[in-house]
Amino acid sequence: MMISLLSPVLVLPLIGLVAKEADSFVFSPPTPFSTEIHSTTTSTLSDRRPTPSRISQTENFREAKELSQKFLADYEHLKQNNNVEKKRVAIFGGGLSGLSCAKYLSDAGHEPILYEARDVLGGKVSAWQDEDGDYIETGLHIFFGAYPNIHNLFGELGIEDRLQWAPHRMTFAMQELPGEFTTFDFPPGIPAPFNMAIAILANTQMLTLEEKIRMVPALLPMLLEGQSFIDAQDEKSVLGFMQEYSMPERINEEIFIAMGKALDFIDPDKLSMTVVLTAMNRFINEADGSQTAFLDGNPPARICQPIKEWVESKGGQVICSSPVAEIQLNREDSTVKSLKLANGTEVVADYYVSAVPVDVCKRLIPTQWSTMPYFRQLDELKGIPVINLQMWFDRKLNSVDGLCFSRSPLLSVYADMSVNCEEYADPNKSMLELVFAPCSPEAGSPINWISKSDEEIIDATMKELERLFPLEIGPNAPNERRANLVKSTVVRVPRSVYAATPGRNKYRPSQESPIDNFVMAGDFATQKYLGSMEGATLSGKLAAEVICDKVIGRKNKNGLKEVHPSVQGAELKERAPTGIKGTSPIAFGGGQQGSIK
């Protein structure tokens, strides 16, 4: 993930429904504050905040746990039944989706072999060291309390203590007051949705109470009709939905622009309203769902390596630097015969799982599959561009303890990783990690920033930071307090998480495919957590479930999703796979430093 943030501002419309009930609670409204009172301390293992206790009490967490236990039950079934054999499964793609799939297949007693094209695991959570020994990350990764499959996975691996939980608040820069911020503070011990109501009512800097209440009529159907209403809004953009229900424009300026850039790196006029409503639906009933945590170190070592070791301890394999060049088919039934790697090796297995980004998957679809609607619908999906920045300063900034929504035209969110990540901790200097979005015209930017030079991108970002830190950054900052930029990195991801533009959900494929021994994973495949780390993890888990169900002879609960009539009725001509061009990280759907040619 890159990140796809699900923020408490999404539940602003709830305020009109619970304001009366929330009156029984006592709270004091916050006032704008400057960065001068922000935390500059760094969490260590001994003083970290505990995992919020209510995370494990949600229905979504229990559902995720039950699915994990299903794999263990399948392993016992495999041991006790001689007529059921463990299967060899070839997975290509070593991001969270592929790793998750391998982990749960190994739990069920099967033999996964995962092939990752690059020399580092993680996909969109990958990171690598530069010549200074600093880790360069593909994106700023935030873990929410409402990530039930992620938290189950961490618990199963015994690595829950690798998350550094921030205070339960969301911080926004004040556009009209440079250097000042406002927060939504969630009171402890208050159940949902009242803790959110209190946080929203207590904040008077972003929207008036009247504006908050005026959001309610438009979104009330979601609360009354549920998922059917949510799904029906996918054809509408957030801005179009607002206009349809005559919502004030200031709501877009104050809330929805920040929301769109955080959820999918795009502006509200290009974001499906279903994304917003889905996010709201996930958080309303989870008191700790909006609380955020940071990983305590680089993702390949702190997440990917434990999964790799788990898989290998159970007889599976995880192999890097092994890109797939071709999916080879059996002539008689078009099932997969083998995978041909770039080095010429042919990989034969019982089942095959694609866990690569949708843009990569499309380049590998065999000619024989190209006229099948299930695969042709992928043409309607593509990744969205985004840029990740890391900027090192020669002194400590008075930074936010946690994530900050910049509300900048250029920046989505940022965090001081010297405060929020133990591995990157520095008591004397700051390292900001920032998401630069939208960064191309297709995402809503008037400038194609992803094609600009590093210098142009960093210069534009520094101007934005001068507004956020006027007393510490820029020519107007006092000399004795001025922080100077000493190093920066720019990582471009031309095709990040799938672009959740209006009308995309109907084209997202099921994990089960019409090919008996081929299964689809990846955050773009159908699952309820959008393009996020949680979505990728769940998709891989669901792909593993499809295979386990096939082995035992169970009908999968999700099954093969019907393809939309617009694809079913189209005249589809055969086409040959274009294949993967080049060997750069971008060729395999990742991010890289340097210009894009």
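These figures come from a predicted structure and were not determined experimentally. These values consider heavy atoms only, across backbone and side chains, with no hydrogens, waters or symmetry-generated copies.
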Gap separating the [atom1] atom of [X] from the [atom2] atom of [Y], nearest 0.5 angstrom:
X: T583; Y: R118; atom1: OG1; atom2: CZ; result: 11.5 Å
X: S496; Y: I387; atom1: OG; atom2: CD1; result: 11.5 Å
X: L121; Y: L96; atom1: CG; atom2: CG; result: 10.0 Å
X: I213; Y: T208; atom1: CD1; atom2: OG1; result: 8.5 Å
X: F524; Y: K382; atom1: CZ; atom2: NZ; result: 15.5 Å
X: T292; Y: M170; atom1: OG1; atom2: CE; result: 6.0 Å

In the structure I gave you, are the side-chain heavy atoms of [X] and [Y] within less than 4.5 Å of one another anywhere?
X: N252; Y: I257; result: yes
X: T526; Y: L542; result: no
X: F144; Y: I150; result: no
X: N558; Y: S510; result: no
X: F436; Y: V490; result: no
X: S370; Y: F375; result: no
X: M520; Y: C361; result: yes
X: R250; Y: R214; result: no

Residues two or more places apart in sequence or in another chain: which of them pass salt bridge (Lys or Arg N to Asp or Glu O under 4.0 Å) with [X]?
X: R363; answer: none
X: D288; answer: R54
X: R407; answer: E254
X: K452; answer: none

| request: Just grab all the side-chain hydrogen bond (donor to acceptor under 3.5 Å, both in side chains) pairs involving residues 460-471, residues at least two apart or on different chains. | output: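 As it turns out, the side-chain hydrogen bond (donor to acceptor under 3.5 Å, both in side chains) pairs with a partner in residues 460-471, which skip direct neighbours, are S408-E464.
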Grab the two heavy atoms, one from [X] and one from [Y], that are nearest each other, plus how far apart they are.
X: A499; Y: I384; answer: CB-CD1, 3.9 Å
X: G94; Y: E116; answer: N-OE1, 2.7 Å
X: D523; Y: S532; answer: OD2-N, 4.0 Å
X: F469; Y: N398; answer: CE2-O, 4.1 Å
X: A166; Y: Q291; answer: O-NE2, 3.0 Å
X: R504; Y: L381; answer: O-CD2, 3.9 Å

Hydrogens and angles aside, do [X] and [Y] bring a side-chain donor and acceptor to less than 3.5 Å of each other?
X: D416; Y: S430; value: yes
X: S453; Y: E456; value: yes
X: T537; Y: Y529; value: no
X: T182; Y: N203; value: yes

Verify, without hydrogens or angle tests, whether [X] (side chain) and [Y] (backbone) share a donor-acceptor contact under 3.5 angstrom.
X: S412; Y: V435; value: no
X: K124; Y: V497; value: no
X: E534; Y: N149; value: yes
X: D130; Y: D134; value: yes
X: N195; Y: A287; value: yes
X: E235; Y: P502; value: no
X: K212; Y: I200; value: yes
X: T171; Y: C404; value: no
X: Q527; Y: A536; value: no
X: Q243; Y: G240; value: no

| request: Please indicate whether E210 has more than 12 foreign heavy atoms, meaning atoms of other residues, nucleotides or ligands, lying under 6.0 Å from its CD. | output: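 Counting other residues, nucleotides and ligands, CD of E210 stays at 12 neighbours or fewer.
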| Does E244 CD have over 12 foreign heavy atoms under 6.0 Å away? |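 Counting other residues, nucleotides and ligands, CD of E244 exceeds 12 neighbours.
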| task | Apply the test side chain to side chain donor-acceptor pair (under 3.5 Å) to residues Y424 and E137: give CA-CA distance (whole Å), side-chain angles for both, the deciding distance (0.1 Å), then the verdict. | result | CA-CA 12 Å; Y424 306 155; E137 298 198 354; 2.7 Å; yes
| field | For F294, all residues meeting ring pair (Phe, Tyr, Trp, His ring centres under 6.0 Å), sequence neighbours excluded | value |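 Per chain and number, F294 pairs via ring pair (Phe, Tyr, Trp, His ring centres under 6.0 Å) with no residue.
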| message | The criterion is ring pair (Phe, Tyr, Trp, His ring centres under 6.0 Å); which residues satisfy it with W165, sequence neighbours excluded? | response |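 If we apply the ring pair (Phe, Tyr, Trp, His ring centres under 6.0 Å) test to W165, skipping adjacent residues, the hits are H151.
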| task | Before giving the answer on side-chain contact (heavy atoms from CB on, under 4.5 Å), spell out for F256 and L239 the whole-Å C-alpha distance, their side-chain angles and the decisive distance to 0.1 Å. | result | CA-CA 8 Å; F256 283 157; L239 195 57; over 6 Å; no
List for me each residue that meets side-chain contact (heavy atoms from CB on, under 4.5 Å) alongside [X], sequence neighbours excluded, and say none if there are none.
X: N484; value: D394, R482
X: S272; value: D234, T274, V275
X: E286; value: T58, N60, A146
X: P167; value: R49, R169, D401

| task | Kindly determine whether R492 and D454 satisfy salt bridge (Lys or Arg N to Asp or Glu O under 4.0 Å), including the steps that lead there. | result | CA-CA 10 Å; R492 297 168 178 80; D454 288 3; 2.7 Å; yes
| said: Per the ring-ring contact (aromatic ring centres under 6.0 Å, His included) rule, what does the pair list look like for residues 195-242, sequence neighbours excluded? | reply: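 Listed by first then second residue: F241-Y245.
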| Hey, what's the ring geometry for F186 with H168, parallel, tilted or perpendicular (30° and 60° as the breaks)? |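 Geometry flag for H168 against F186: parallel rings.
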| query | For E433, which of N420, T489, N388 qualifies under side-chain hydrogen bond (donor to acceptor under 3.5 Å, both in side chains)? | reply |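 Considering N420, T489, N388, a side-chain hydrogen bond (donor to acceptor under 3.5 Å, both in side chains) with E433 is found only for N388.
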| request: Go through the steps for R495 and E442 under the test salt bridge (Lys or Arg N to Asp or Glu O under 4.0 Å), then give the verdict. | output: CA-CA 11 Å; R495 296 296 173 198; E442 67 183 288; 2.9 Å; yes
